[in-house]
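Report on the structure given below.
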Amino acid sequence: MASDSSDDDMPIARANGRLSSSKISRTEDIALDKSMSKPSGMAGLSIRNGPIENGEMDLDSPSTNGSKRKSRESIIKVDYKDESESDGEPLAKRQRSKKVQESDSDDEPMVKARGKKLPPSYKETALPQSSSDEQPLGVKLAKKKADIERKGELEAKAIRAKEAKAKATPKKAIKNESDDDLPLASSHKRQANGSTAKRKSTVVKKDESDSDAPISKKSKAASASAKGKRVSSAKDTKDTKKGKSKEPSDEDEEEEFEWWNAPKREDDSIKWNTLEHNGVLFAPEYQPLPKNVKMYYDGKPVTLSPEAEEVATFWASMMTAASTHHLDNPIFRKNFFADFSDFIKKYGAKDASGNKIDIKSFDLCDFSKIAEYWAAKNEAKKAMTKEEKAAAKAEKDALEAPYLHCTWDGRKQKVGNFRVEPPSLFRGRGEHPKTGKVKTRVLPEQITINIGKGAKIPTPPAGHKWKAVQHDQKATWLAMWQENINGAYKYVMLGAASDVKGQSDYKKFEKARELKKHIDKIRRDYTKDLKSEVMADRQRATAMYLIDKLALRAGNEKDTENEADTVGCCSLKYEHISLQPPDQVTFDFLGKDSIRYNETARVDPQVFKNLKLFKKAPKTDGDDLFDRLNTSQLNKHLNSYMPGLTAKVFRTYNASHTMSELLKELGKDPRSRGTIAEKVKLYNDCNRKVAILCNHKRTVGAGHEQQMQKLGDRIKGLRYQKWRTKKMILDLDATQKKKKGAAYFVRDEDLDDEWVKEHQAFLVDELRTKIQKKFEKDNEKLKANKERVMPEKELKERLHAVKDLEARFKKENKTGKVEAEGRGASVEKFLSSIDKIDERIRVLETQAEDRDGNKEVALSTSKINYIDPRLTVVFSKKFDVPIEKFFSKTLRDKFRWAIKSVEDAEDWEF
DNA sequence: TGGCGAACTTAGCATCTCATGG
DNA sequence: CCATGAGATGCTAAGTTCGCCA
């Protein structure tokens, strides 16, 4: 390769349209520099580049290095007859070409890119989001981030130093360094023997004295040793701990195996030695609808074959759900109808007189009767008595019982998703081309079972057999099948609380911690490479910069014909970034799950310059920004710094490291010495920052806007009440006006007359319904007691209060005064009730603030996947907040290893 | 060296449940 | 004390990574 000429024919990575030249000539580089050096924003036009830029779009220098870049111009492949799935040519993977245009306007109809949620109409309007976080976010956070990064680098150095020392003195380094190389070791291993160690059931020999399998206290020595561990010298010290460890008391009757205190295994490619389980739980068979519940076609009842009817119920059941946005999505509708039609063709549909009929138009299909039936059934379920409910639950539990657990190397472990996914409509996210298709029922014949050799093979349902039964000790799954829509593999694996999952979680975080030691070198290197004259290297460095600083995902290529069009770092396209000189970049693209990433960040000038270069003409919409880079190249490079290092580790590292720093800072906040609630809030604030870093969002529920409004109204109402109370003071004692100052008694401006009227009406209304309800209820009670019910007259009587209130307001509005109300009214009393109101207002306000802050940020994802749980445990100890405040029951289970392993190590650091 | 199969983690939405406050 | 709604849990789609193969 080398020569430029080759580049065009030799698409390095994904040739998707135009390529950049493989080298950056010096002249070109300089030209770019020049064009940038003038900070005079807008004017930054370089001499040769001409006055391009509009600040927004790229401003590339077309000229300069005339280096042949023949650029494959119009690679806009028109091609794509249709499927051609099998892109015969090695060239690009399937490209989206055609979609290019639409896609970037990204407001297609039914897309739901978060924020832009559903209906196209709202979507545009909405998005305060984009406006709100415009500059601020990225730029603001930038500084803080920079600080944190700097710390990261310093740490790296410090760690190495410390480590060097520690090596010399291999003492009880308890959990720190010492143990963190261990995992490493294992990952090296993995590389090393990776494929070679293919032989399946190799028994792991425990080499060095498995005597040092000290571990788990009353460990079931048997199973422990069965696990075959090899300790490397580091027979940690943890023994001390185990000595003292009180009995785990855990709910588990059984002794718990504390693998985190056990020596590391050398060969972790063998996942188990013995494995027993009961297979999977199939979805219940379809229960046909009663004869009188039918779909209607063109107003007439239709008798569907059970197969088709089942599909109809998939749709109908979604009609009753809270949000029907899928059903409004044209793609969903189209795909559904296509599949539904196929079912009808295949299995038939008849009219009332038993004649076969055609279903040609979806618009004529009416599922509402089925939906009603469905809803009624749900209602009935809800209305069941306590006993009935309990009975139903008992039945369900009994059914599930056999599948709940498996036995893994002799230990009982929770299984995760033992239920085979029931048939349904595929709910692809975003603009998924296949969303709405029918996901068919999975038969035993499609399921492969993975189980220990000696174990009893689960019996398939009567009359059926498994697709296969295997005994792969390198696999952690118990059963597997492929789904019909995308051919995706589905696995039944252990639950998050299981040992294997815990172990890999632990390894993940240890790997991220390991990255700390290399981060400074990595940063130094890529900073240097940002100027590389080799385009591929420069792109890689730039991508690394983005992954490191902005926590972007790696960004594999995707099959745009069959999947939603989303991107990550390496797959960013021309239209996904816009540059604002001198150093701001705005990202706007759909990431995983079609969640929109829309941030503006300030970047290193060299990065800015590079991005400009990568957008250089003739590249245009639809072209890859990083046309000479893909994730394997990137990961291969990363791997050279540290075994096992890949792009995703940066996300973990960034999240945990950030959290760590934020929590440290909390120590300075006086509120960290406040109430538990305050401390929890502080923690959550940190959590939120991490979630924002990772762009973890959630849909702001349809009702949320209203809820917010409601909250706001309640606050306003309170302020109104506060004002009224003040006026009452005046009513009692006019001299207060002087004492307090007239301003004190002025009504807040936003509580204008109009609003007040409305609010009064609301209060009046509220009072009325309250009285009515009370009345009805009282009567019910009387009735139940067989007593005489109260006459309507009584109600009228009671409703006088409403009239009174109305009159009162009227008078107030006219006179501008408020009569003191309540018994024993006194200035003091009013003052104290004002205080109370103030208090309530404050509570509501923080609540509102919190809710608003959370409305589109999901804290859970980062908590579950990215933030080292030990950070939370340590925080909890240090600030004396029960761990329950941070981890729910399931999370405590999942993070058992973390909770136990830093139990008494308040000084543990990420 | 890129494409693909496979395996496992990450992700948001749907649904359930239980605490809370009207 | 029951109805709500927030938070917990369940579900499964959508990513990343790795190894193998041609």
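Mapping A/L425 and A/E884 onto DNA chain C via the closest heavy atom, the residue that lands nearer the 5' end is A/E884. Comparing A/K393 and A/Y491 against DNA chain B, the residue whose closest nucleotide sits nearer the 5' end is A/Y491. Residue whose closest nucleotide on DNA chain C sits further toward the 5' end, between A/N417 and A/F887: A/F887. DNA chain B is contacted by both A/A322 and A/S862; A/S862 maps to the nucleotide lying nearer its 5′ end (nearest heavy atom per residue).
The phosphate of C/dA13 (OP1 or OP2) has no side-chain N or O of A/H326 nearer than 4.0 angstrom. The phosphate of B/dC8 has OP1 or OP2 within less than 4.0 Å of a side-chain N or O from A/K271. Phosphate proximity of B/dG12 to A/R427: absent, as no side-chain N or O sits under 4.0 Å from OP1 or OP2. Between A/K558 and C/dA14 there is no side-chain N or O to OP1 or OP2 distance below 4.0 Å. For B/dA11, one of the phosphate oxygens OP1 or OP2 lies less than 4.0 angstrom from a side-chain nitrogen or oxygen of A/R651. The shortest distance between the side-chain N/O atoms of A/T861 and the OP1/OP2 oxygens of B/dG12 is below 4.0 Å. Contact check, A/N556 against C/dG15: no side-chain N or O comes under 4.0 Å of OP1 or OP2. In this model, the phosphate group of C/dT17 is approached by a side-chain N or O of A/N635 to a distance below 4.0 Å at OP1 or OP2. Taking only side-chain nitrogens and oxygens, A/K439 comes nearer than 4.0 Å to OP1 or OP2 of C/dA13. In this model, the phosphate group of C/dA8 is not approached by any side-chain N or O of A/S860 to a distance below 4.0 Å at OP1 or OP2. Between A/H696 and the phosphate of B/dA11, there is a side-chain N or O to OP1/OP2 separation shorter than 4.0 Å. Regarding contacts with the backbone of C/dC11, a side-chain N or O of A/R419 is found under 4.0 angstrom from either OP1 or OP2.
For A/A554, counting side-chain heavy atoms from C-beta on, the closest listed nucleotide (C/dT16, B/dG2, B/dC8) is C/dT16. Taking the side chain of A/R553 as heavy atoms from C-beta on, and the options C/dA14, C/dT16, B/dA7, the nearest nucleotide is C/dT16. In this structure, of B/dC8, B/dT10, C/dC18, it is C/dC18 that holds the atom nearest to the side chain of A/T646. For A/T476, counting side-chain heavy atoms from C-beta on, the closest listed nucleotide (C/dA8, B/dC8, B/dG12) is B/dC8.
Distance CG (A/L859) to P (C/dA8): 11 Å, rounded to an integer number of Å. Regarding A/I595, its CD1 atom lies at a distance of 16 Å from the P atom of C/dA13, rounded to whole Å. If you measure from atom NZ of A/K511 to atom C1' of C/dT16, you get 11 Å, rounded to the nearest angstrom. For the pair A/K507 NZ and B/dT10 P, the computed distance is 13 Å after rounding to whole Å. Rounded to a whole Å, the CG atom of A/D593 is 11 Å from the P atom of C/dA13. Distance A/R698 CZ to C/dA8 C1': 13 Å, rounded to the nearest Å. As a whole-Å value, the separation of A/M480 CE from C/dT12 C1' is 17 Å. Rounding to whole angstrom units, CZ of residue A/F426 and P of C/dA14 are separated by 4 Å.
Contact of the A/K271 side chain with the A/Q473 side chain is not registered, since no non-hydrogen atoms from C-beta on lie closer than 4.5 Å. Side-chain contact between A/Y866 and A/T658 is absent, with no heavy-atom pair separated by less than 4.5 Å. Contact check for A/Q446 versus A/Q482: no side-chain heavy atoms found under the 4.5 Å cut-off.
A/K381 comes within contact range of no nucleotide atom at all, as no heavy-atom separation falls under 4.0 Å. At the heavy-atom level, A/S504 lies under 4.0 Å from the strands shown only through sugar-phosphate atoms. At a threshold of 4.0 angstrom between heavy atoms, the contacts of A/D505 with the nucleic acid are absent. A/T566 comes within contact range of the sugar-phosphate backbone alone, with a heavy-atom separation under 4.0 Å but no base atom that close. As judged by a 4.0 angstrom heavy-atom cut-off over every strand, A/A647 is placed among residues touching the sugar-phosphate backbone only. Among the protein residues, A/K648 comes within range of the sugar-phosphate backbone only, with heavy atoms under 4.0 Å from sugar or phosphate atoms but none that close to a base.
Applying the side-chain hydrogen bond (donor to acceptor under 3.5 Å, both in side chains) rule to A/N450 yields the partners A/Q470; only residues at least two apart in sequence or on another chain are considered. Considering only residues two or more places apart in sequence or on other chains, A/F426 meets the ring pair (Phe, Tyr, Trp, His ring centres under 6.0 Å) condition with A/H432.
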Which pairs, protein N/O on one side and nucleotides 4-7 of chain C N/O on the other, fall under 3.5 Å?
| residue | atom | partner | partner atom | Å |
| --- | --- | --- | --- | --- |
| C/dA6 | OP1 | A/Q707 | NE2 | 3.4 |
| C/dA6 | OP1 | A/R851 | NH2 | 3.1 |

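Side-chain contact, A/T476 with A/Y491: no donor N or O sits under 3.5 Å from an acceptor N or O. In this structure, a donor-acceptor pair under 3.5 Å is present between the side chains of A/T631 and A/N556. For A/N684 and A/N687, the side-chain atoms include no donor-acceptor pair closer than 3.5 Å.
With A/E510 as reference, A/R513 is the one residue of A/K507, A/K508, A/R513 to meet the salt bridge (charged side-chain N to carboxylate O under 4.0 Å, His left out) rule.
Between A/T435 and A/N335, the shortest heavy-atom distance links the atoms O-ND2, 2.8 Å.
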